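Written below as structure tokens is the structure these notes are about.
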Amino acid sequence: GAVVSQHPSRVICKSGTSVKIECRSLDFQATTMFWYRQFPKKSLMLMATSNEGSKATYEQGVEKDKFLINHASLTLSTLTVTSAHPEDSSFYICSAVKQGIGTEAFFGQGTRLTVV
Amino acid sequence: GQNIDQPTEMTATEGAIVQINCTYQTSGFNGLFWYQQHAGEAPTFLSYNVLDGLEEKGRFSSFLSRSKGYSYLLLKELQMKDSASYLCAVTATGGGNKLTFGTGTQLKVEL
């Protein structure tokens with residue numbers, strides 16, 4: 001199976017600072033990656049679709065200026081949580097899909113963000 | 001829009017069979033996935049259905065009825081390690097490979 005690497009796995013930051021999370025497809029090219037947020041014991045909520053070489057598409061209610069997404073290459077997408085606040089504390093997961101409809105999504109290991 | 005529902009929690013006995021249901025109302029439905037997620041970990045792929053019928057893969061099977069907007073995941077010969085959250089997710093035409101997840105079902109396997 002394909003491998004998607006997400007880094008860091010855990011991060012603690014102070015309120016007001018920014019945190020960058022990386023998502024890499026290690027053995028395939030991904031023109032599209034997805035960013036999800038998950039609250040404890042809840043399902044995954046899609047935040048945005050990251051498109052290589054173009055602007056990300058954000059889901060309704062997700063602040064694009066708060067959650068900056070960059071997809072500069074076919075193997076890397078980054079999510080930057082800007083001016084983080086305690087309510088941004090959550091589990092963030094990325095996924096990447098190989099070309100073709102119906103192909104399974106491969107998920108990164110997730111990032112546990114804690115804002116203090 | 002999309003509306004995807006699953007039971008919140010289920011409990012089953014080791015060695016038994018459990019069925020986890022998922023109902024959906026999705027415009028332009030284009031496929032349904034089942035994922036398993038252990039606490040604090042990423043989801044792992046279990047199955048994919050796009051046509052009506054049953055897909056069997058070892059101890060896990062998944063069924064889809066497009067006309068009823070209904071799917072289930074069947075787990076046989078339950079093991080303690082099957083205790084996890086099970087997520088159904090759908091894709092829709094025009095959405096590329098974007099997954100919209102259901103509410104998730106927390107399965108607890110007991111002795």
Side-chain angles (χ1 to χ4, degrees), chain A residues 1-7 9-10 21 23-25 28 30-52 54 56-62 90-114, chain B residues 1-10 20 22 24 26 28-51 55 57 60 62 64 66 83-108:
Chain A
V3 178
V4 174
S5 176
Q6 188 173 338
H7 178 81
S9 58
R10 290 179 179 273
I21 303 170
C23 181
R24 293 180 184 274
S25 56
F28 67 99
T31 55
T32 304
M33 293 184 177
F34 301 94
W35 287 97
Y36 296 86
R37 181 173 181 175
Q38 187 174 34
F39 292 101
K41 297 186 178 181
K42 298 293 184 182
S43 191
L44 279 72
M45 180 190 75
L46 180 65
M47 298 175 65
T49 303
S50 173
N51 304 298
E52 188 268 336
S54 64
T57 304
Y58 290 82
E59 296 298 302
Q60 191 172 9
V62 178
S90 192
F91 193 53
Y92 293 87
I93 310 178
C94 70
S95 75
V97 182
K98 287 183 175 180
Q99 292 302 311
I101 300 298
T103 309
E104 64 181 279
F106 296 93
F107 286 84
Q109 304 94 319
T111 298
R112 172 71 60 191
L113 171 63
T114 303
Chain B
Q2 300 191 42
N3 190 26
I4 306 166
D5 290 315
Q6 301 175 237
T8 305
E9 295 179 339
M10 298 183 72
I20 303 174
C22 173
Y24 63 88
T26 301
F29 174 82
N30 199 32
L32 186 144
F33 293 80
W34 282 97
Y35 282 84
Q36 179 192 63
Q37 186 182 28
H38 287 97
E41 299 180 9
T44 55
F45 170 81
L46 293 177
S47 69
Y48 170 68
N49 295 72
V50 64
L51 300 176
E55 294 282 342
K57 188 183 293 185
F60 293 4
S62 58
L64 176 68
R66 293 178 67 128
S83 293
S85 180
Y86 291 85
L87 308 168
C88 75
V90 301
T91 57
T93 53
N97 290 297
K98 181 169 72 173
L99 289 171
T100 301
F101 282 86
T103 49
T105 299
Q106 188 65 44
L107 174 66
K108 182 178 181 181

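Labels below follow one simple rule: chain letters A, B, ... track the order of the sequence lines, proteins then strands, and each chain is numbered from 1. In what follows, every heavy atom counts, from backbone to side chain, and hydrogens, waters and symmetry copies are set aside. Remember, it's a predicted structure, so these values are computed and weren't measured experimentally.
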Query raised in the report: What part of Leu87(B) lies closer than 4.5 angstrom to a heavy atom of chain A: side chain, backbone, both or neither?
Result: side chain

Report task. Flag yes if more than 12 heavy atoms outside His38(B) fall under 6.0 Å of its NE2 atom; otherwise flag no. Result -> yes

Query - Top contributor to chain A interface from Ser47(B), Gly104(B), Gly40(B) [non-hydrogen pairs under 4.5 Å] - result: Gly40(B)

Query raised in the report: What pair of heavy atoms forms the shortest contact from Phe101(B) to Ser43(A), and how long is it?
Result: CB-OG, 3.4 Å

Query raised in the report: Minimum heavy-atom separation for Pro43(B) to Ile93(A), with atom names?
Result: CD-CD1, 4.0 Å

Report task. Tell me, please, which residues at least two apart from Tyr24(B) pass ring-ring contact (aromatic ring centres under 6.0 Å, His included). Result -> Phe29(B)

Query - Phe107(A) to Ala42(B) - nearest heavy-atom pair and separation - result: CB-CB, 3.8 Å

Report task. Could you tell me which non-hydrogen atom of Phe91(A) sits nearest to which non-hydrogen atom of Gln37(B), and how far apart they are? Result -> CE2-NE2, 4.2 Å

Query raised in the report: Tell me, side chain or backbone of Gln106(B) under 4.5 Å from chain A's heavy atoms, or both, or neither?
Result: neither

**Report entry** Interface moiety of Gln38(A) toward chain B, non-hydrogen atoms closer than 4.5 Å
**Finding:** side chain

Report summary line: Turns out that what part of Ser85(B) lies under 4.5 Å from chain A's heavy atoms comes down to neither

Query raised in the report: Applying salt bridge (Lys or Arg N to Asp or Glu O under 4.0 Å), which residue pairs with at least one partner in residues 95-108 of chain B are found, sequence neighbours left out?
Result: Glu59(A)-Lys98(B), Lys108(B)-Glu110(B)

Query raised in the report: Do the side chains of Tyr36(A) and Leu99(B) get nearer than 4.5 Å, heavy atoms only?
Result: yes

Query raised in the report: What distance separates Thr8(B) OG1 from Lys42(A) NZ, expressed to the nearest 0.5 Å?
Result: 7.5 Å

